[in-house]
Amino acid sequence: MDTLTHLLGGFETALAPINLLWVFIGALLGTAVGVLPGLGSAMAVALLLPITFTLDPTGAFIMFAGVYYGGLFGDSISGILLNTPGNSSAIASTFEGHRMALTGRAPQALATSAIGAFTGGLIATTIVAFMAPAMAVLATYFGPAEFFALAVFAFVATSAVVAESFVKGLAALVLGLALAVVGIDSQSGASRFTFGVPQLFDGIDIIVITVGLLALGEVLYVASRGGRSSSTGSLSAGRRPFLSRGECRKALPAWLRGTAFGLPFGVIPVGGSEIPTFLAYGNERRIDRKSSEPEFGRGAIRGVAAPEAAGNATSGTAMGALLTLGLPTSATAAIMMAAFQQYGMQPGPLLFERNGDLTWALLASLFIGLVVLLILNLPFAPLWAKLLLIPRPYLYAGIAMFCALGVYSTSASVVDVALMLGVGLVGLLMRRYDVPVAPVLIAVILGPLAETELRRTLAVSEGSVGALFDSGISIVLYLVMIAAVIIAGITKLRQKKGSDL
């Protein structure tokens, strides 16, 4: 009852007309910055941080609630429409979302994304408000061995289960790991695969790889085919701006399943939202293979619904981890922590005691921000989709220009632009020979995490490999992984026999 009383007090503050205006402005600006290719939600929060310094702390953080979720939805808009996700958390929903856009269902893809973001964020924020102590306990169960098992599970699930061909999926995974190890080894200080180029000492930025592989690779592939896209459909904005009853029936279970994947990961340090979005996508694809009429590969609505819900559920519980534990589990949360410190506040267990009024107002504004985002973007989905009405030569030329500007703006490095061109050529070859992109991206994102946690586990156990299998969580993850590989192999064999007959 105390929690409910505090939350109602927070709503009383957040629902003041001026604070509602700040939430609306934050959601609008966050979406506008997040939709620009190469920038993303973390950049949206970073760019808009100075604007809030002129506001009182309550107004500033209420505005940040709108920026926080607005930027996340902006990531998905650019991914669905332009095949250029603004952040790595939007990569998984890009695969089917962009196919939907190419077949004239862009408004439905954006509506699915908006409702999925609302569903995942709403459930996560509710849990944060009422179950913050339990979140702190959950975070303590994950050590180095569990993180490594989680990364391996994601590797195998993406390359063996999600990819059509195990060999091609494994090749893509190896390519991604090769890109991930470029740079200075954090533990030994040795340079790896830098070829003496100082700009490579920090490694290859994920933005460079994502933009080059997804967006520029698609542009080059379309150009190489004389303007014909890699999809069998054509770019079209579509006319129907809402989801049909049948589409809602398909999307609803995926929204809930995606939320279930995303909730625990916001509390896990360095867990990020990439793992749950890819796991949610892989789970929906596995379910799709068992259906009589598979939809994945042709623009499956569940391939957008699940990752979007998972990503926002993770972001919601990440905010809870920041407020209750002082633990930033994502780049966006880290910038939010800097904002707290700018006002002389330290997120953590004592935040609710020392700055309770502001904290509960922030939690209430997260609920309001989700509603504002839904109201703001559902009617605008057809308007965003109008981007696809731009003539194809101008559209793809614009995408290529934004790719270069987005990559250059993050580091002001010409080398990064050159690397993006090289990765774009790799993306062209991957499309030409039907090699999946997802394993490369998940390897680049999780490769450093897997390496670091493996080394930590072996260092603590003095080189004992058995330490990787000491905990129940690790064993369960490995068993589920093996079972998934076996089931995927049997399913593919049956499909092959059926096609031979």
Side-chain angles (χ1 to χ4, degrees), residues 41-42 68-69 71-73 75-76 79 85 87-97 112-132 134-135 138-139 141-142 146-147 150-151 153-154 157-158 162 251-287 302-324 327-333 366-367 369-370 373-374 438 441-442 445-446 449 473 477 480:
S41 54
Y68 188 64
Y69 283 126
L72 290 170
F73 184 65
D75 294 340
S76 301
N87 206 1
S88 53
S89 60
I91 292 173
S93 55
T94 297
F95 299 135
E96 295 301 316
T112 302
S113 171
I115 299 173
F118 175 79
T119 304
L122 180 66
I123 295 174
T125 307
T126 303
I127 289 175
V128 167
F130 292 95
M131 297 183 62
M135 292 170 58
L138 178 63
Y141 288 121
F142 275 77
E146 288 77 19
F147 281 127
L150 196 60
F153 181 88
T158 308
V162 175
L252 180 57
W255 284 325
L256 298 177
R257 286 191 293 261
T259 301
F261 272 103
L263 288 174
F265 282 87
V267 194
I268 300 172
V270 209
S273 56
E274 296 85 4
I275 300 178
T277 54
F278 274 101
L279 291 180
Y281 173 82
N283 182 60
E284 296 303 319
R285 182 155 189 167
R286 180 182 57 79
I287 294 172
R302 290 186 287 114
V304 180
E308 284 299 311
N312 266 54
T314 302
S315 299
T317 48
M319 181 60 73
L322 176 67
L323 296 176
T324 59
L327 189 67
T329 59
S330 67
T332 310
L366 290 175
F367 286 101
L370 286 166
L373 190 67
L374 193 65
L441 298 171
I442 197 68
I445 294 166
L446 296 181
L449 172 68
I473 295 176
L477 285 172
V480 172

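FYI, the numbering just counts along the sequence from 1.
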**Complete:** Sorted by chain and residue number, the ring-ring contact (aromatic ring centres under 6.0 Å, His included) partners of F118 (sequence neighbours excluded) come out as none
**Asked** Of all residues at least two apart in sequence or in a different chain, which pass the side-chain hydrogen bond (donor to acceptor under 3.5 Å, both in side chains) check with S93?
**Response** E308
**Message:** With rounding to the nearest 0.5 angstrom, report the CZ to CG distance, R257 to L252.
**Reply:** 9.5 Å
**Asked** What's the spacing between I127 CD1 and L122 CG if we round to 0.5 Å?
**Response** 10.0 Å
**Request:** Can you run down the salt bridge (Lys or Arg N to Asp or Glu O under 4.0 Å) pairs that involve residues 112-122, sequence neighbours left out, and say none if there aren't any?
**Result:** none
**Message:** Can you give me the closest heavy-atom contact between V304 and E96, atom names plus distance?
**Reply:** CG2-C, 4.0 Å
**Prompt:** Sequence neighbours excluded, which residues qualify as side-chain hydrogen bond (donor to acceptor under 3.5 Å, both in side chains) partners of T119?
**Reply:** none
**Fill in**
Tightest non-hydrogen contact, residues G262 and P276, listed as CA-CB, 3.8 Å
**Asked** If you round to the nearest 0.5 Å, how far is OH of Y281 from OG1 of T94?
**Response** 10.5 Å
**Message:** Can you list everything that forms a side chain to side chain contact (heavy atoms under 4.5 Å, CB included) with A280? Sequence neighbours excluded, please.
**Reply:** F261, A306, A310
**Prompt:** W255 and A309: which non-hydrogen atoms are nearest, and at how many Å?
**Reply:** O-CB, 3.2 Å
**Asked** Hey, does L370 have a side-chain heavy atom less than 4.5 Å from the side chain of T125?
**Response** yes
**Asked** Does the side chain of I287 come within less than 4.5 Å of R302's, by heavy atoms?
**Response** yes
**Item:** Point-to-point distance, once rounded to the nearest 0.5 Å, from OG1 of T126 to CZ of F367
**Value:** 4.0 Å
**Message:** So, taking the atom named OG1 in T259 and the one named CG in N312, what distance separates them when rounded to the nearest 0.5 Å?
**Reply:** 9.0 Å
